[in-house]
Amino acid sequence: MNKGKVDVLLGLQWGDEGKGKVVDVLTPKYDVVARFQGGPNAGHTLEFEGQKYVLRSIPSGIFQGGKVNIIGNGVVLAPDLFMEEAKSLEASGHDLKSRLQISKKAHLIMPTHRVLDAAYEAAKGKSKVGTTGKGIGPTYTDKISRVGLRVGDIFENFEQKYAACKARHEAILKSMNFDYDIAEVEKKWLEGIEYLRQFPIVDSEHEINNILKSGKSVLCEGAQGTLLDVDFGSYPFVTSSNTICAGACTGLGIGPNRIGDVYGIMKAYCTRVGAGPFPTELFDETGATIRQLGHEFGAVTGRERRCGWIDLVALKYSIMINGVTKLIMMKSDVLDTFETIKACVAYKQHGKQIDYFPYSIKEGIEPVYVELPGWKTDMTGFTSEEQFPKEFSDYIKFLEEQLETPICIISIGPDRDQTIVRK
């Protein structure tokens, strides 16, 4: 039997690593791009030909003509936000309906899920997780509780199913004495349901496996980052799905033996949005400079990202649990002006030095840094690695030795063309 190829692309830090741009760059090598988890809380930003796009639910391969894009069963979908995103892309000349398929088994984010999200966060007080308020967590909660509403439900007794789910949510909100008004949101949401019906709604696990049987290739696109994984991330400050490589199997219905390369994406430094521990976070002028130079503000929420030096302890952990075969380093150009670059190679915890990612990084973690000379060179116009200054080449070599994984692609700017594939 002719077997197609499945590669996985995912973030290795706390999200926002630049996955959208890399998917767009890699898409020409594949026949299909499939998103396997997450929801519209993740914004993938792409820039090319003078245009900037932010994708929230639609796979980042949508801009490459002739490619099939699939929203998998592991994704949670908000019909109103999807409609808004899709119509914006169609208005800019991208034909979605012939390129995009949606899994029947993907769960729907309801208006009341967003209200529940806000109510649960408010109830936590000082222990807030810092969610985006998009209703992701409550939707996954319903999924795990086996009471969720799925895309496939829009074709059979939908009004009845929707009313039952809504009534259950309203009972919870009433018990919490939480005031809300969803009239306008619900109206747009129901319009989104009608819009959704215009797309191919498929049994995506069969679609993908038939594609593989025919010898074609699939790139699986993850959202958020490894350190936000519900099992392996910095719990409880995590997302509600499995962001790691294993999530591609459960989020698309692909056998583990199908997976080939696992591309792990990281920034040349590190960022985090929302609450939660962050061992290498910088609270000084250096952190503010990285934020400014890197335009570190959320693509969906606009929230300021917390910035810090690269954390090799956390990256080794992410590489291990994902089985990463190739690394991709983003935003290298953001560090172009620094005299000295720091990298965390170990942690000090309770007076002891450790070189592994522990059960909890909430308290008592102090990063142990090594310092490397900066390259003090504007690399944004470079077209090959031969142009790299020695200090930057040394930084790459240092990272590869520490992480025991090759860095195969380096991004030196936001545009599609500012990407160097190493030989």
Side-chain angles (χ1 to χ4, degrees), residues 1-11 19-20 22-39 44 55 57-77 82 86 94-107 143 150-156 196-223 241-265 321-326 328 408-409:
M1 180 177 71
N2 189 12
K3 284 190 177 182
K5 159 176 129 158
V6 177
D7 292 341
V8 179
L9 182 143
L10 38 76
K19 294 175 288 294
V22 179
V23 173
D24 178 61
V25 167
L26 292 178
T27 294
K29 294 170 55 179
Y30 298 88
D31 300 296
V32 176
V33 177
R35 172 88 175 265
F36 63 84
Q37 50 73 227
H44 292 182
L55 300 178
S57 298
I58 295 169
S60 302
I62 202 71
F63 299 107
Q64 305 280 3
K67 307 293 181 176
V68 174
N69 287 260
I70 297 173
I71 295 175
N73 59 277
V75 173
V76 290
L77 194 66
F82 169 77
H94 299 282
D95 176 21
L96 263 64
K97 294 185 181 73
S98 65
R99 296 185 204 166
L100 182 63
Q101 300 177 6
I102 302 166
S103 175
K104 289 178 183 175
K105 292 187 172 72
H107 279 245
K143 176 178 180 175
R150 301 190 291 178
V151 172
D153 290 327
I154 69 175
F155 300 110
E156 188 178 342
L196 206 56
R197 295 177 195 271
Q198 301 173 36
F199 286 81
I201 310 293
V202 300
D203 292 305
S204 56
E205 65 275 28
H206 293 298
E207 288 286 324
I208 288 177
N209 281 286
N210 286 334
I211 284 164
L212 292 172
K213 274 185 183 177
S214 70
K216 292 181 178 176
S217 57
V218 176
L219 179 63
C220 306
E221 177 184 10
S241 60
N242 286 117
T243 59
I244 61 172
C245 185
C249 297
T250 56
L252 292 169
I254 293 171
N257 62 335
R258 294 287 203 174
I259 293 176
D261 276 320
V262 180
Y263 292 97
I265 306 181
I321 60 178
N322 285 302
V324 172
T325 58
K326 294 178 180 177
I328 297 170
C408 64
I409 295 175

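Computation of the quantities below employed the complete heavy-atom set of this structure, encompassing side-chain atoms and omitting hydrogens, waters and symmetry-equivalent molecules. Residue indices begin at 1 and follow the sequence shown.
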J.: What is the distance from atom CD1 of Ile328 to atom CG of Leu9, rounded to the nearest 0.5 Å?
T.: 5.0 Å
J.: Which atom pair, heavy atoms only, marks the closest approach of Ser217 to Lys29?
T.: OG-O, 3.6 Å
J.: Heavy atoms, side chains only, cut-off 4.5 Å: are Gln101 and Val68 in contact?
T.: yes
J.: What distance separates Ile70 CD1 from Ile208 CD1, expressed to the nearest 0.5 Å?
T.: 4.0 Å
J.: What are the two closest heavy atoms between Gln37 and Thr243, and how far apart are they?
T.: NE2-CG2, 3.6 Å
J.: Any side-chain heavy-atom pair from Leu212 and Arg258 closer than 4.5 angstrom?
T.: yes
J.: Looking at Glu207 and Val202, would you say the former's side chain and the latter's main chain have a donor-acceptor pair under 3.5 Å?
T.: no
J.: To the closest 0.5 Å, what do you measure between SG (Cys220) and CG (Leu252)?
T.: 5.0 Å
J.: Could you tell me which non-hydrogen atom of Glu205 sits nearest to which non-hydrogen atom of Gly253, and how far apart they are?
T.: CB-CA, 4.1 Å
J.: Does any N or O in the side chain of Asn322 come within less than 3.5 Å of the main-chain N or O of Cys245, such that one atom is a donor and the other an acceptor?
T.: yes
J.: Got a second to check how far Ser241's OG is from Phe36's CZ, nearest 0.5 Å?
T.: 8.5 Å
J.: Looking only at non-hydrogen atoms, find the nearest pair between Gly264 and Val324 and report the distance.
T.: N-CG1, 3.7 Å
J.: Side-chain contact test, heavy atoms from C-beta onward, threshold under 4.5 Å: evaluate it for Tyr263 versus Val22 and give yes or no.
T.: no
J.: Between Asn73 (side chain only) and Thr250 (backbone N and O only), is there a donor and an acceptor less than 3.5 Å apart?
T.: yes
J.: Does a side-chain heavy-atom distance below 4.5 Å link Ile71 with Pro59?
T.: yes
J.: Using every non-hydrogen atom in the two residues, find where Cys249 and Gly255 come nearest and quote the distance to one decimal.
T.: SG-C, 4.3 Å
J.: Does any part of the side chain of Arg99, heavy atoms only, come nearer than 4.5 Å to the side chain of Ile62, both counted from C-beta?
T.: yes
J.: To the closest 0.5 Å, what do you measure between CD1 (Ile58) and CG (Leu96)?
T.: 4.5 Å
J.: What distance do Phe63 atom CZ and Asn69 atom CG have between them, rounded to the nearest 0.5 Å?
T.: 9.5 Å
J.: Determine whether a donor-acceptor pair (N or O, by modelled atom type, separation under 3.5 Å) exists between the side chain of Lys67 and the backbone of Tyr30.
T.: yes
J.: Check whether Thr325 reaches the backbone of Val262 with its side chain - one donor and one acceptor, N or O, closer than 3.5 Å.
T.: yes
J.: I'd like to know whether Lys216 forms a side chain to side chain contact (heavy atoms under 4.5 Å, CB included) with Val32, so could you lay out the CA-CA distance, the side-chain angles of the two residues, the decisive distance to 0.1 Å, and finally the verdict.
T.: CA-CA 8 Å; Lys216 292 181 178 176; Val32 176; 5.7 Å; no
J.: Could you walk me through whether Phe199 and Val151 pass the side chain to side chain contact (heavy atoms under 4.5 Å, CB included) test, one step at a time?
T.: CA-CA 11 Å; Phe199 286 81; Val151 172; over 6 Å; no
J.: Please find the pair of heavy atoms, one from Gly72 and one from Ser103, that lie closest to each other, and give the distance.
T.: C-CB, 3.6 Å
J.: Using the side chain to side chain contact (heavy atoms under 4.5 Å, CB included) rule, take Leu26 and Ile409 through it: C-alpha gap first, then chi angles, then the decisive distance, then the call.
T.: CA-CA 10 Å; Leu26 292 178; Ile409 295 175; 3.8 Å; yes
